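Report on one structure; see the data block that follows.
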Amino acid sequence: MKIPCQGLLFDNDGVLVDSDAGVDQAWSLWARERGLPASEVTAMVHGRRSADTVALLVEDPAERDAALGRIDRLEIEAAGLTTALPGALELLTSLPRGSWAVVTSGVTALARARLAAAGLPVPPVLVAADDVARGKPAPDGYRAAAEKLGLEPVDAVVFEDSVAGAEAGAAAGAYVVGVGPRGLATGARVVVPDLRGVTWQDGVLHLAAPRLLRS
């Protein structure tokens with residue numbers, strides 16, 4: 001399958017890196033400290049900024065800054081558990097520097113820590129939770145990343161594994177490719193299991209047809 005595009009915009013967690021172990025560890029501890037059911041909290045955090053999750057779970061606005069600071073510290077402490085997902089290193093190292101960006105719901109320090117733990121290259125453009133006023137599913141992050149690459153969002157492909165992220169990419173005007181089992185729950189027309197077999201050359205994204213989960 002071939003998709004014409006001038007740039008690639010990647011979500012981080014669940015697309016480039018597997019941070020689930022660290023996410024579960026950090027948010028489970030945070031939930032227990034606040035007397036909340038850990039399983040329910042960890043089920044709702046994917047694709048959402050920690051600030052937005054905290055706003056939903058902490059009723060007293062006066063407590064939110066401290067609660068947010070606590071979970072951000074816990075997640076950074078657990079970043080060492082992060083690993084690269086299959087195909088991520090091969091694809092990223094094959095791309096021209098000005099052709100790709102990472103757009104994540106994590107804060108900048110957390111995103112950089114997870115990419116480093118996974119052994120992945122520093123992105124030429126990184127748009128993190130602390131760079132935008134509105135997190136996913138708002139399109140702000142993907143629009144900002146496309147602009148920093150000198151592109152219109154319609155000329156980019158977004159790789160996402162979460163419903164909120166896929167909605168953000170689509171709202172920005174980009175072509176969205178879902179990734180992994182969670183990607184099947186999104187509205188993406190095309191879903192790949194991971195980034196193995198994905199290549200980009202001369203303005204065309206190539207997806208290996210036998211590996212598509214949905215097309």
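Everything quoted here is computed from the prediction, not taken from an experiment.
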Smallest heavy-atom separation, G178 atom then A188 atom, equals N-CB, 3.5 Å
d(D13 CG, T104 OG1) to nearest 0.5 Å is 5.0 Å
>> Tell me if a side-chain donor or acceptor on S28 pairs with a main-chain N or O of Q25 at a distance below 3.5 Å.
In response: no
By side-chain hydrogen bond (donor to acceptor under 3.5 Å, both in side chains), S50 pairs with (sequence neighbours left out) D72
Next on the checklist: If you define the side chain from C-beta out and look only at heavy atoms, does anything of Y175 sit under 4.5 Å from V190?
Outcome noted: yes
Residue pairs meeting side-chain hydrogen bond (donor to acceptor under 3.5 Å, both in side chains), one or both in residues 34-47, sequence neighbours left out, come to R34-E63
Quick note, salt bridge (charged side-chain N to carboxylate O under 4.0 Å, His left out) partners involving residues 154-172, not counting sequence neighbours, are K136-E160, D161-R182
Applied to residues 74-83, the side-chain hydrogen bond (donor to acceptor under 3.5 Å, both in side chains) test, sequence neighbours excluded, yields W27-E75, E75-R114
With a 4.5 Å cut-off on side-chain heavy atoms, are I71 and V54 touching?
yes
### Message
Is there a continuous path of hydrophobic side-chain contacts, each under 4.5 Å between heavy atoms, that joins V179 to M1?
### Response
yes
Excluding L110, membership of its hydrophobic cluster (Ile, Leu, Val, Met, Phe, Trp, Tyr; side-chain heavy atoms within less than 4.5 Å) reads I76, V107
Test side-chain contact (heavy atoms from CB on, under 4.5 Å) applied to V122 and L115, step by step
CA-CA 7 Å; V122 175; L115 287 165; over 6 Å; no
| field | Greater than 12 external heavy atoms within 6.0 Å of E33's CD | value | yes
*M44 side chain near L56 side chain, heavy-atom distance below 4.5 Å*: yes
### Task
Answer whether the closest heavy-atom distance between the side chains of S162 and T186 falls below 4.5 Å.
no
_I'd like to check V163 versus P137 (side-chain heavy atoms, cut-off strictly below 4.5 Å). Are they in contact?_
no
With sequence neighbours left out, the residues meeting side-chain contact (heavy atoms from CB on, under 4.5 Å) with A208 are P210, R211
Here the gap from L195 atom CG to L89 atom CG, rounded to the nearest 0.5 Å, amounts to 11.0 Å
Value for CZ (F159) from CG (D194), rounded to nearest 0.5 Å, stands at 11.0 Å
Linking I/L/V/M/F/W/Y whenever their side-chain heavy atoms sit closer than 4.5 Å, directly or via other members, would W100 and I3 fall into one cluster?
-> yes
Exercise. Can you check whether C5's main-chain N or O pairs, donor with acceptor, with W200's side chain at less than 3.5 Å?
Worked result: yes
Hits for side-chain hydrogen bond (donor to acceptor under 3.5 Å, both in side chains) against R48, two or more places apart or cross-chain, chain-then-number order -> none
Hits for side-chain contact (heavy atoms from CB on, under 4.5 Å) against L213, two or more places apart or cross-chain, chain-then-number order -> L184, V191, P193
Worksheet item: Between L85 and V15, is any pair of side-chain heavy atoms under 4.5 Å apart?
Response: no
- Do the non-hydrogen side-chain atoms of R134 and P139 ever get within less than 4.5 Å of each other? yes
P61 meets the side-chain contact (heavy atoms from CB on, under 4.5 Å) criterion, sequence neighbours left out, with R64
Going by chain and number, the hydrophobic cluster around L149 (ILVMFWY, side chain to side chain under 4.5 Å) further includes L9, V103, V125, V127, V132, Y142, L151, V158, V176
Those residues at least two apart in sequence (or on a different chain) that pass side-chain hydrogen bond (donor to acceptor under 3.5 Å, both in side chains) with W30 are none
One should read off an interatomic distance between L212 CG and L207 CG, to the nearest 0.5 angstrom, of 6.0 Å
query: In terms of hydrophobic clusters joined by side-chain contacts under 4.5 Å, are V157 and V204 together?
result: no
TODO: Please tell me if the side chains of L95 and L92 come closer than 4.5 Å, counting only heavy atoms from C-beta onward.
DONE: yes
Sorted by chain and number, sequence neighbours left out, side-chain contact (heavy atoms from CB on, under 4.5 Å) with T108 holds for R112, L126, A128, D130, D131
Check: If Ile, Leu, Val, Met, Phe, Trp and Tyr residues are connected whenever their side-chain heavy atoms lie under 4.5 Å apart, and connections chain through other members, are L36 and V23 in the same group?
Finding: yes
